[in-house]
**Student:** 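Quick one: structure below, then a few questions.
For ligands, and for the atoms within them, numbers begin at 1 and follow the listed sequence.
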Amino acid sequence: MGKKHETPLLDELKKGKWISFVREMERAAEKSERTEDLLGQVEESYRDKITHWKHGGMAGVRGYGAGMVGRFSEFPEKYPGVKECHSIRLNQTSGFFYNSDVLRKLADIADQHAGGLFNFHGSTGDIQILGLTQADAEDLFQKSAELGFDLGGSGSDLRTPSCCVGPARCEFANYDTLQICYDLTHAFQDELHRPSFNYKFKMKFSGCANDCVAAASRSDLAFIGTWQDNIKINQGEVKNYVKKFNVQKYVLDKCPTKCMWFEGENLVIDDSNCVKCMHCINEMPKALKSGDQKGLSILIGAKAPLVTGPRMGMMLIPFYDVHEDSKNDYEWLKGLISNMWEFWDEYGVSRERIGELIARVGLVTFLEGIGLEPTIDMVREPRSNPFIKFEDEEAGAE
Ligand code: HEM
Ligand code: SF4
Ligand code: SF4
C-alpha cells in the first residue's frame, strides 16, 4: 500500500532491535487515515524540531469534567486526519491484569472510533486511546462503559489511582494493593470525574518499600506496605544461600542499619533497628519474609518540579493498620483524606499542589488542620535554625 506521506526521518527509527513505535503506527495507519496523517505530522515535527500541536484544547463527554485531553493540529488542511486528535483515558484495572477477550474488544473500539493507537499505559496508569474527534467521544465512551471501563482522571481532580501487582503475583506484598486501589477509586468517583480541587491529586499503592509503582515520587498520597514485628527467618534456606554467594558481603554488610549478624551458622536480626528497607528480603527471598503485623506507611506531597521544585513524599503516617480499617470500609482513611482535601480547599491557592501548600504553611499547621499530632518519624532531622514560632500561650504572653 502506498504511503500517504513520505517519512524518511521516521523510517530511520524502524532500524535496530527495540520494538519500533513507527512500525506500530504504520500498522495502525493501514486501517486509519487519521494515523496516516499523524505519521505525516510527526515527521514534520522531526524535521522542524518543534511540536505542531496547537496550545491546549478542550474535549470531553457529557456529565464528566475530566478524562479526555483535547488536542488540535497546527496544520488541519495538510493533515485533516489529526485536525482533532484527542486522547481519552480509561481507568485501567488494578495491577493491569486483563484477559485477551477484553483487549480485543478494546482494540476494535479504538479501530472503529479512533486512530487504532493506544498507550498501554499512561504514566499515571490509564489506558489511553489516541486519535479521537469530539464527535467520536460519546460513542467510544459508551462502548467502553459496556465493557466495564469508566473514564480516568485529568485536570484538577483526583487522578486515576494505580497500584503494584501486589498479592496477585508478589510474595512481598504487605497488603492487598489491588483491592484498596479499586475500593478508593470507587469511593471517590465524584472527585475523579468532576474536578473540584485546586490542582491535581494522585494516589498510588505499593505493597512494600521496593515501591514498584514509584508511589513515593509520583503521587501526592503514597501508600507503601510495611510490617511492625520481626522478619521471619528460615535458617535452612539461609544456609543454602551461604553456599551460593557471599551473604556477609552482599546482604549483612549492605544492611543500612547494620542490624544483622551471624551467631554460629544462624542469622540474627535486631528487628528493633531494622528500617524495613527490603534489601535482605530481596537478596534472599526464600530465607526471609516480612513479619505478620502487616500494614502500610502513608507519605504525602510528592510532585514534579513546577512550581517550587520537585518533592518526594514525606512520612505522614508511619504505620496504618489497613487490614483493621478495611473491615470498616476504610472509614478512618477516607476521613483523613477528606480532611486533607478540605484543608487544601480552604488554604491552598489555585494550582498549588498539596506538597507545596504544606511547605508554605508549615507541617505543624497542616497537621493541626487535618487532626494529626506531629511525631519524630515525620522528619529526617530536627531543624538547624532557631526561628521557631511559639503559640502565644506557650511563649508566656499575657
Ligand atoms: C496541556 C498540558 C498537559 C498535558 C496535555 C499533559 C498530559 C499528560 C499525560 C497524557 C499524562 C499521562 C497520564 C496518564 O497516565 O493517565 C501526564 C502525566 C503526568 N503529568 Fe501531565 N500534562 C500536562 C501538563 C502537566 C503539568 C503542567 C505538569 C506538572 C506541573 C504535569 C505533570 C505530570 C506528571 C508528573 C505526570 C506523570 C504522573 C505519574 O507518573 O503518575 N503535566 N500528563
Ligand atoms: S512494590 Fe513490593 S509488593 Fe508491590 S510488586 Fe513491588 S516488590 Fe511486590
Ligand atoms: S530489611 Fe533492611 S534494614 Fe531491615 S534487616 Fe533487612 S537489610 Fe537491614
Side-chain angles (χ1 to χ4, degrees), residues 92-98 121 123-125 161-185 202-219 221-235 237-239 241-242 245-263 266-299 302 312-313 315 318-323 326 377 380:
Q92 80 284 6
T93 53
S94 275
F96 311 116
F97 291 99
Y98 304 104
H121 296 77
S123 354
T124 302
S162 181
C163 63
C164 75
V165 295
R169 299 294 301 268
C170 181
E171 72 267 39
F172 295 165
N174 291 298
Y175 67 98
D176 193 340
T177 53
L178 308 136
Q179 187 65 47
I180 189 171
C181 181
Y182 179 84
D183 284 349
L184 290 190
T185 302
K202 300 181 182 176
M203 298 203 276
K204 284 185 167 55
F205 303 85
S206 280
C208 76
N210 286 332
D211 195 7
C212 292
V213 281
S217 46
R218 303 190 304 150
S219 54
L221 209 55
F223 300 79
I224 307 216
T226 190
W227 64 95
Q228 279 189 310
D229 52 342
N230 297 344
I231 292 179
K232 288 192 266 188
I233 308 174
N234 179 330
Q235 300 290 357
E237 292 289 353
V238 172
K239 290 187 184 79
Y241 281 112
V242 167
F245 73 103
N246 188 338
V247 169
Q248 180 68 43
K249 181 173 171 197
Y250 292 110
V251 183
L252 277 60
D253 293 352
K254 288 196 190 306
C255 168
T257 60
K258 302 284 182 291
C259 67
M260 321 174 77
W261 61 88
F262 276 108
E263 279 176 12
N266 277 353
L267 179 69
V268 179
I269 301 179
D270 168 15
D271 286 272
S272 66
N273 278 311
C274 163
V275 291
K276 283 80 180 165
C277 78
M278 291 299 293
H279 176 67
C280 58
I281 298 178
N282 288 337
E283 290 296 312
M284 307 196 292
K286 289 190 175 150
L288 302 177
K289 296 206 182 318
S290 64
D292 288 325
Q293 286 173 37
K294 298 175 198 293
L296 55 84
S297 301
I298 304 180
L299 279 59
M312 285 185 71
M315 182 65 80
F319 191 82
Y320 156 58
D321 194 341
V322 57
H323 301 102
S326 68
D377 317 276
R380 190 195 299 258

**Student:** Can you tell me if, anywhere in H279, an N/O/S atom lies at a distance from atom 4 (Fe) of ligand 3 that is smaller than 2.8 Å?
**Tutor:**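 Given the 2.8 Å cut-off, H279 does not count as a ligand of atom 4 (Fe) of ligand 3.
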**Student:** Taking the side chain as C-beta and beyond, is there a heavy-atom pair between V238 and F262 under 4.5 Å?
**Tutor:**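 Side-chain contact under 4.5 Å: yes.
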**Student:** Say whether, by atom type as modelled, one donor and one acceptor occur between the side chain of T257 and the main chain of N273 under 3.5 angstrom.
**Tutor:**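 Yes: the side chain of T257 pairs with the backbone of N273.
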**Student:** Is it true that atom NZ of K286 has more than 12 heavy atoms of other residues, nucleotides or ligands lying nearer than 6.0 Å?
**Tutor:**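 Not more than 12 within 6.0 Å, no.
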**Student:** Counting only heavy atoms closer than 4.0 Å, does ligand 3 sit against the backbone of K254, its side chain, both, or neither?
**Tutor:**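 No part of K254 is near ligand 3 at this cut-off.
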**Student:** Are the side chains of D292 and K232 in touch, meaning some heavy atoms are under 4.5 Å apart?
**Tutor:**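 Yes. Closest side-chain heavy atoms under 4.5 Å.
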**Student:** Among all the protein's non-hydrogen atoms, which is closest to atom 3 (S) of ligand 3, and how far away is it?
**Tutor:**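 Result for atom 3 (S) of ligand 3: V275 N, 3.4 Å.
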**Student:** Looking only at protein heavy atoms, identify the closest one to atom 2 (Fe) of ligand 3 and say how far it is in Å.
**Tutor:**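 Minimum-distance protein heavy atom for atom 2 (Fe) of ligand 3 reads C277 SG, 2.4 Å.
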**Student:** Atom CG in N266, atom CD1 in I233: separation rounded to 0.5 Å?
**Tutor:**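 With rounding to 0.5 Å, CG (N266) is 8.5 Å from CD1 (I233).
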**Student:** Okay, side chain of R218, backbone of T124: is any donor-acceptor separation there less than 3.5 Å?
**Tutor:**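 Answer holds: no.
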**Student:** Taking the side chain from Y175 and the backbone from S206, do they hold a donor-acceptor pair closer than 3.5 Å?
**Tutor:**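 Present.
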**Student:** For ligand 2, which atoms sit closer than 4.0 Å to a heavy atom of A173?
**Tutor:**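 In order of number, 3 (S).
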**Student:** Under 4.0 Å from a heavy atom of N210: which atoms of ligand 2 are those, numbered in the order shown and with their elements?
**Tutor:**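 So the atoms of ligand 2 that pass are 7 (S).
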**Student:** Looking only at protein heavy atoms, identify the closest one to atom 6 (Fe) of ligand 3 and say how far it is in Å.
**Tutor:**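 That would be C280 SG, 2.3 Å.
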**Student:** For atom 8 (Fe) of ligand 2, what's the nearest protein heavy-atom neighbour? Residue, atom name and distance, please.
**Tutor:**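 Sorting protein heavy atoms by distance from atom 8 (Fe) of ligand 2 puts C170 SG, 2.2 Å first.
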**Student:** Please write down residue, atom name and distance for the protein heavy atom closest to atom 4 (Fe) of ligand 3.
**Tutor:**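 The closest one turns out to be C274 SG, 2.3 Å.
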**Student:** Taking N, O or S atoms only and a limit of 2.8 Å, check whether C259 reaches atom 2 (Fe) of ligand 3.
**Tutor:**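 Looking at C259, which is the residue asked about, there is no N, O or S atom under 2.8 Å from atom 2 (Fe) of ligand 3.
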**Student:** With atoms numbered from 1 as shown, which atoms in ligand 2 lie under 4.0 angstrom from a non-hydrogen atom of F172?
**Tutor:**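 Heavy-atom distances to F172 below 4.0 Å select 3 (S), 7 (S).
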**Student:** Quick one: look up the protein heavy atom nearest atom 1 (S) of ligand 2 and list residue, atom name and how far away it is.
**Tutor:**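 So the nearest neighbour among protein heavy atoms is C212 N, 3.3 Å.
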**Student:** Regarding C164, does it place an N, O or S atom less than 2.8 Å from atom 4 (Fe) of ligand 2?
**Tutor:**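 Yes, within the cut-off.
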**Student:** Counting C-beta onward and ignoring hydrogens, is there a side-chain heavy-atom pair between F97 and L178 closer than 4.5 Å?
**Tutor:**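 The answer is yes, as the side chains (C-beta and beyond) meet within the 4.5 Å cut-off.
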**Student:** Measure from the side-chain N and O atoms of D271 to the backbone N and O of I231, and report whether any donor-acceptor pair falls under 3.5 Å.
**Tutor:**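 Such a contact is found between D271 side chain and I231 backbone.
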**Student:** Is there a donor-acceptor contact under 3.5 Å from the side chain of Q248 to the main chain of D253?
**Tutor:**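 No; zero donor-acceptor contacts below 3.5 Å.
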**Student:** Using a 4.0 Å cut-off to any heavy atom of M260, which atoms of ligand 3 qualify?
**Tutor:**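 Answer for ligand 3: 5 (S).
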**Student:** Backbone, side chain, both or neither: what part of T177 comes under 4.0 angstrom of ligand 2, heavy atoms only?
**Tutor:**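 It is neither; nothing of T177 touches ligand 2.
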